[in-house]
Amino acid sequence: MQKLIILLSDMIFPLLLGYLLQQKGWLSERICKQLILCNILILGTLLSILSCWTLPLRWELAWLPAFGILLSFIPGAAACFLVRAKYQSLLDQGSYLLSAILSNIGTLGGLGAFVLFGESGLAYKQKKKKFQNLVLFLICFPLAQYCQQQSSPEKFSTLPFRLLPLLLTRNQLPVLGLLGGMLLYGSGIPRPAVLGDIFTPLVHVSAWIALIPVGYSLNFRSVQKYYLPSLDLLPIKFVLTPVLTYFIARLFFQDPDIIGTLLLLASVPTGINAVVTARLYNLNLHIPGAAFILTTLVFLIVIYPAFFLFFSA
């Protein structure tokens with residue numbers, strides 16, 4: 001119950017604070033983007049190093065990272081078939097694709113896995129999520145930057161020659177953190193105890209810094225017209241992705257807790273990183289904002305209670 005209260009407070013309170021700061025005009029766009037960059041470049045990189053520093057490099061769960069990428073590929077591929085018919089602007093198309101690709105695995109997924117499957121469920125989530133971050137940094141950031149550049153008056157006309165600069169930006173720094181942490185573990189260098197002591201506080205600080213800009217970006221009046229276009233994300237997120245994940249997981253795992261955890265993580269709503277990425281690259285904030293609100297409400301009211309009743313029976 002204590003962990004539940006802490007996790008919910010880490011999600012709800014910073015969102016409310018960010019929204020309050022927006023309504024009162026106490027936070028500027030410049031400071032908001034600086035918070036996002038601080039969380040990505042400093043806290044994100046540091047947490048990547050510290051978490052991977054103690055991540056056992058064992059082959060028995062080697063397929064879990066692949067499922068971290070799979071859970072982004074399935075909804076992303078489905079959204080690619082719909083996006084051009086829905087939106088004409090690349091800024092809108094990029095926002096819609098981000099809403100489909102990115103899921104709230106870190107907070108809602110982790111909390112749900114812990115409640116249903118205990119510490120093992122949380123551990124499975126951690127192993128899978130570390131490599132899903134690669135999707136954010138190596139696919140979503142370049143995708144958002146491409147949509148931004150192609151929508152500007154000085155858009156690039158020769159994409160193949162500009163692709164490498166999209167991948168080599170400072171926002172990919174946490175990827176080096178992942179690799180650095182794995183290298184430290186593989187080298188047999190023990191993580192100092194003091195770094196382990198500060199890890200949990202850093203997680204909470206990172207959650208607040210990440211969610212304040214999300215709350216600041218939410219405009220309930222402006223996102224209203226995007227609720228209806230976002231409805232097709234519901235079958236993508238809550239039917240197509242978990243069904244395909246279940247049948248694929250059965251080919252690689254026998255442990256019902258692992259399969260159940262993957263099924264739950266395949267059913268989580270649009271992630272806050274979709275809003276953060278859209279804000280960072282000046283895409284249409286209201287599309288991921290509407291998707292975030294709509295899919296989160298459906299998950300909390302319908303999807304997760306169904307999981308809880310099924311696995312608790």
Report the C-alpha separation of Lys86 and Asp92 in whole Å, then their side-chain angles, then the decisive distance to 0.1 Å, and conclude whether the salt bridge (charged side-chain N to carboxylate O under 4.0 Å, His left out) test is met. CA-CA 9 Å; Lys86 294 175 65 69; Asp92 294 346; over 6 Å; no
Are the side chain of Tyr96 and the backbone N or O of Ile287 linked by a donor-acceptor pair below 3.5 Å? no
Backbone N/O of Ser267 and side chain of Lys237: donor-acceptor pair under 3.5 Å: no
Counting only heavy atoms not in Tyr19 (residues, nucleotides, ligands), do more than 12 fall under 6.0 Å from its OH? yes
Within the side chain of Gln148, is there an N or O that forms a donor-acceptor pair under 3.5 Å with the backbone of Tyr281? yes
Hey, does the side chain of Thr270 reach the backbone of Ser99 with a donor-acceptor pair shorter than 3.5 angstrom? yes
Is there a donor-acceptor pair closer than 3.5 Å between any side-chain N or O of Ser89 and the backbone N or O of Leu91? yes
Side chain of Ser230, backbone of Tyr226: donor and acceptor closer than 3.5 Å? yes
Is it true that, when you exclude Gln254 itself, more than 12 heavy atoms of the residues, nucleotides or ligands shown sit nearer than 6.0 Å to its CD? no
Verify, without hydrogens or angle tests, whether Arg279 (side chain) and Leu285 (backbone) share a donor-acceptor contact under 3.5 angstrom. no
Output yes when a side-chain donor or acceptor of Ser95 lies under 3.5 Å from a complementary backbone atom of Asn284, and no otherwise. yes
Given Leu98, which partner from the list Pro288, Cys147, Cys140 fulfils the side-chain contact (heavy atoms from CB on, under 4.5 Å) test? Cys140
